[in-house]
Amino acid sequence: MSKIPDYAYSKSLLHRLNSLVESRPDLRECFSRGEINYWYVFQQRIFNDIKVFVVSENKFEKKDSNIFLSIKELVVGFMLLSISIFSLVLSIILRKEVLVFSVDTISDSKLRIDKRLKPLFEALSLENKNYITFYHTITNFGAIQRAFRRGNGAVFMESFDYVYNLCGFLLPKQPEFNVEETFGNKSEIQFAKYLIRKYSQLIILSNLKTKFLTIYLRFSAIKKAFMIDDVRNYHEIVLACRANNIRTIAIQHGHYGPFHIGFLKQNLSGGTVKPDTLIVWSEFWQKELLRLNSIFDKSDMVIGGGMEDYQKIDLENDNDVNYFLVPFEKDLDKDIVLRVMRGVSQVEGWKVLFKLRDGVSDNIQFDAYNFTKEDREKIIGIKDTAKAFGMARIVAGVYSTLLYDALASGKQVVVIKTPSPYRPEGLLYYNLADEIDPDKNIREQLNSLISVSKEERKRRSEELTAGSENIRLVDTIRGFISK
């Protein structure tokens with residue numbers, strides 16, 4: 001079983017690193033480019049690296065050179081770069097007016113898109129707008145296969161890394177900075193030096209990408225740029241658009257919380273990079289981002305509607321059975337969740353549904369939770385989200401965005417108590433969800449949970465979706481396209 005990040009320690013280490021960079025004039029100068037502090041820009045990436053470091057028990061290793069892997073990377077890199085250059089030239093010739101930035105995944109097999117941006121692609125179709133899509137990807141043959149499967153061109157942001165890796169030896173190297181012994185233990189000091197070196201060098205690549213995209217946009221007919229709210233990877237596109245007076249609009253795709261570091265203000269000098277506008281699902285998310293001290297001000301955010309696929313689901317349960325729905329989640333203590341699922345399945349009148357993810361083998365997901373043969377017989381796997389919501393009396397989990405989707409659909413949401421601070425803090429803060437404790441009597445807790453009235457469940461759902469009544473995300477995006 002994979003190890004779980006220690007989120008509290010990871011965040012503490014990030015804050016110590018930030019204090020180190022902020023207290024050292026040489027480090028501040030290293031990461032500053034005009035008004036932009038790239039250490040600030042890279043916060044989410046740095047935090048993700050820290051989580052990996054923590055999970056590896058404070059060890060990190062450089063990848064060993066591998067000739068076969070290098071040849072494979074050369075072939076893949078050349079093919080992705082060729083597809084990208086061809087797509088860029090074609091977009092200039094065809095005078096495409098909209099730039100889309102997405103994650104390179106196909107979760108909607110019919111439309112061959114990332115389903116989290118489905119309203120955007122529907123809006124572009126309704127407005128009859130030609131667009132070019134930029135992707136954040138992993139450079140492997142899978143990216144090439146997806147490009148040919150879509151058949152409509154693509155620009156892979158990581159394909160430019162291929163050129164950098166070939167010619168990087170010609171570029172200046174950043175000096176290595178010392179880290180004071182008072183920073184922490186030996187492994188923390190080594191890791192801090194590694195991160196400073198890694199991200200100071202990454203600035204060079206990032207600036208080259210930005211300059212290239214700035215020139216491309218100058219010759220293109222692009223008037224608007226829409227993007228998934230990926231704070232790790234959209235900054236080069238945002239800066240290039242800003243240099244060409246092109247408006248940038250990000251679209252919410254999941255929940256926000258205190259560990260979504262890239263969305264939050266930090267005690268760092270200088271500025272970070274953000275799109276001009278962030279479309280959020282409802283007033284709740286605008287309020288939540290402001291409570292979390294987001295880099296997005298209230299004036300930056302627009303209530304656009306969302307979670308439309310699951311709204312107004314009000315199917316009646318089987319009179320004899322209550323269904324307890326639990327989604328597959330990755331970064332958590334699965335043994336704790338399994339204890340709750342087993343406890344619920346043993347209570348008369350209750351059955352457990354296990355919401356499986358699309359694109360991942362069912363067996364892999366069952367095995368990740370160490371399901372026994374008996375568990376597989378009692379716990380029902382299900383992939384259709386609308387059907388699962390229709391059946392469920394309670395939807396329970398640790399942090400999944402599915403909890404918010406379920407609440408928007410009018411379902412009662414329950415947070416499974418674990419030692420980890422990574423949880424849907426907003427739901428608990430605003431009293432929109434209940435809790436279940438695996439160390440207490442499950443039967444008694446279920447009896448208490450189902451006593452929550454239909455009126456209270458309705459109040460919770462309405463508070464989460466407030467401000468988005470009669471607003472469709474597709475229509476909101478169409479409004480931005482047509483402006």
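Numbers here simply count residues along the sequence, with the first being 1.
- Panel note: side chain Ser461, backbone Lys458; no donor-acceptor pair is recorded below 3.5 Å.
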Discussion item. Using the rule given for side chain to side chain contact (heavy atoms under 4.5 Å, CB included), can you reason through Phe324 versus Arg393, listing the C-alpha separation, both sets of side-chain angles and the distance that settles it, and then say yes or no?
Written reply: CA-CA 6 Å; Phe324 188 91; Arg393 174 62 178 82; over 6 Å; no
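- Listed here is the closest heavy atom pair of Met227 and Val238: SD-CG2, 3.8 Å.
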Worksheet item: Does the side chain to side chain contact (heavy atoms under 4.5 Å, CB included) test come out yes or no for Val100 and Thr133, once each step is laid out?
Response: CA-CA 5 Å; Val100 173; Thr133 308; 4.2 Å; yes
Donor-acceptor contacts, no H, no angles, side chain residues 122-131, under 3.5 Å, sequence neighbours left out:
from	atom 1	to	atom 2	distance (Å)
Glu127	OE2	Arg478	NE	2.8
Glu127	OE2	Arg478	NH2	3.1
Lys129	NZ	Glu97	OE1	2.8

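- Side-chain contact between Val321 and Met391 is absent, with no heavy-atom pair separated by less than 4.5 Å.
- The side-chain heavy atoms of Ile36 and Leu239, taken from C-beta on, include a pair separated by under 4.5 Å.
- Not counting sequence neighbours, Asn244 has no partner by the side chain to side chain donor-acceptor pair (under 3.5 Å) test.
- Between Phe259 and Tyr7, the ring centre distance stays below 6.0 Å.
- With a 6.0 Å radius and a threshold of 12 heavy atoms from other residues, nucleotides or ligands, Glu35 has its CD atom at or below the threshold.
- The OG atom of Ser107 sits 10.0 Å away from atom NZ of Lys118, with the distance rounded to the nearest 0.5 Å.
- Counted within 6.0 Å of CG on Leu90, heavy atoms from surrounding residues, nucleotides or ligands total more than 12; the atom is thus considered enclosed.
- Here Lys110 does not pair with Asp108 in a salt bridge; the nearest charged N to carboxylate O distance is not below 4.0 Å.
- At least one test fails for Lys198 against the ring of Phe42: distance under 6.0 Å to the centre or angle within 45° of the axis.
- Not one N or O on the side chain of Lys355 forms a donor-acceptor pair closer than 3.5 Å with the backbone of Leu402.
- Looking at Trp285 and Leu464, their side chains come closer than 4.5 Å, going by heavy atoms from C-beta outward.
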Worksheet item: How far apart are the C-alpha atoms of Phe53 and Tyr194, what are their side-chain angles, what is the distance that settles it, and do they pass the ring-ring contact (aromatic ring centres under 6.0 Å, His included) test?
Response: CA-CA 11 Å; Phe53 169 69; Tyr194 161 76; 9.1 Å; no
Worksheet item: Where do Leu356 and Phe366 land on the side chain to side chain contact (heavy atoms under 4.5 Å, CB included) test, with the steps shown first?
Response: CA-CA 9 Å; Leu356 300 163; Phe366 281 118; 4.3 Å; yes
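- No donor-acceptor distance shorter than 3.5 angstrom exists from the side chain of Glu463 to the backbone of Leu432, with no hydrogens or angles considered.
- When atom types are taken as modelled, the side chain of Glu329 and the backbone of Ser400 share a donor-acceptor pair closer than 3.5 angstrom.
- Listed by first and then second residue, the side chain to side chain donor-acceptor pair (under 3.5 Å) pairs involving residues 260-271 are Glu22-Ser269 (not counting sequence neighbours).
- Inter-residue side-chain proximity for Glu288 and Tyr430 is flagged as met; some heavy-atom pair is nearer than 4.5 Å.
- In terms of modelled atom types and a separation under 3.5 Å, the side chain of Ser294 and the main chain of Phe263 share a donor-acceptor contact.
- Taking the ring centroids of Tyr369 and Phe328, they lie under the 6.0 Å cut-off.
- Under the 3.5 Å distance criterion, the side-chain polar atoms of Thr248 are matched with a main-chain donor or acceptor of Asp276.
- Between Asp161 and Lys209 a salt bridge is recorded (basic side-chain N to carboxylate O distance below 4.0 Å).
- Side-chain contact between Tyr199 and Ile196 is absent, with no heavy-atom pair separated by less than 4.5 Å.
- Taking a 6.0 Å sphere around NZ of Lys211, one finds it holds 12 or fewer heavy atoms contributed by other residues, nucleotides or ligands.
- Residues Leu14 and Gln43 have side chains in contact (heavy-atom distance under 4.5 Å, counting atoms from C-beta outward).
- Taken to the nearest 0.5 Å, the CG atom of Leu292 stands 10.0 Å off from the OH atom of Tyr429.
- Inspection of the Arg247 and Thr277 side chains reveals an N or O donor paired with an N or O acceptor under 3.5 Å.
- Surrounding NZ of Lys287 are more than 12 heavy atoms belonging to other residues, nucleotides or ligands, all under 6.0 Å away.
- Nearest heavy-atom pair, Ile106 versus Arg150, reported as atom, atom and distance to 0.1 Å: CG1-NH2, 3.8 Å.
- Here the shortest heavy-atom pairing between Gly304 and Thr476 reads O-OG1, 2.9 Å.
- Taking the centre and axis of the six-membered ring of Phe480, the NZ or CZ atom of Lys483 falls inside the cone set by 45° and 6.0 Å.
- In summary, the side chains of Asp229 and Tyr256 do present a donor paired with an acceptor at a separation below 3.5 Å, with no hydrogens or angles considered.
- Residues Leu195 and Trp39 come closest through the heavy atom pair O-CZ3, 4.3 Å.
- Side-chain atoms of Tyr38 and Asn207 include a donor-acceptor pair closer than 3.5 Å.
- Rounding to the nearest 0.5 Å places CG of Leu473 at 9.5 Å from CG of Leu117.
- In this structure, the separation between CZ on Phe156 and CD1 on Ile85 is 12.5 Å, given to the nearest 0.5 Å.
- Looking only at distances, no side-chain donor or acceptor of Gln286 sits under 3.5 Å from a matching main-chain atom of Ile303.
- Side-chain atoms of Thr210 come within 3.5 Å of backbone N or O of Ser206 as a donor-acceptor pair.
- Taking all atoms of both residues into account, the shortest heavy-atom contact from Gln44 to Arg232 is CG-CG, 3.5 Å.
- Taking 4.0 Å as the cut-off between side-chain N and carboxylate O, Glu456 and Arg459 count as a salt-bridged pair.
- The main-chain N or O of Val155 is never found under 3.5 Å from a side-chain atom of Ser87 such that the two would form a donor-acceptor pair.
- Between the Ser159 side chain and the Gly77 main chain, no donor and acceptor come within less than 3.5 Å of each other.
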Item to complete: Go through Ile481 and Lys224 one step at a time and tell me if the side chain to side chain contact (heavy atoms under 4.5 Å, CB included) criterion holds.
Response: CA-CA 7 Å; Ile481 295 171; Lys224 299 277 172 55; 6.0 Å; no
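- Using a 4.5 Å heavy-atom cutoff, the side chains of Leu403 and Arg423 are not in contact.
- The NE2 atom of His15 sits 10.5 Å away from the CG atom of Leu17 when rounded to the nearest 0.5 Å.
- Salt bridge absent: Arg376 and Asp362 never bring a charged side-chain N and a carboxylate O closer than 4.0 Å.
- You'll find the side chain of Phe141 reaches within 4.5 Å of the side chain of Val76, heavy atoms only.
- Here Arg460 pairs with Asp434 in a salt bridge; the nearest charged N to carboxylate O distance falls below 4.0 Å.
- Judged purely by distance below 3.5 Å, without hydrogens or angles, the side chains of Arg45 and Asn233 pair a donor atom with an acceptor atom.
- Note that CG of Leu332 and CD1 of Ile416 are 8.5 Å apart. Values are rounded to the nearest 0.5 Å.
- In terms of heavy atoms, Phe226 sits closest to Val98 at CD1-CG1, 3.7 Å.
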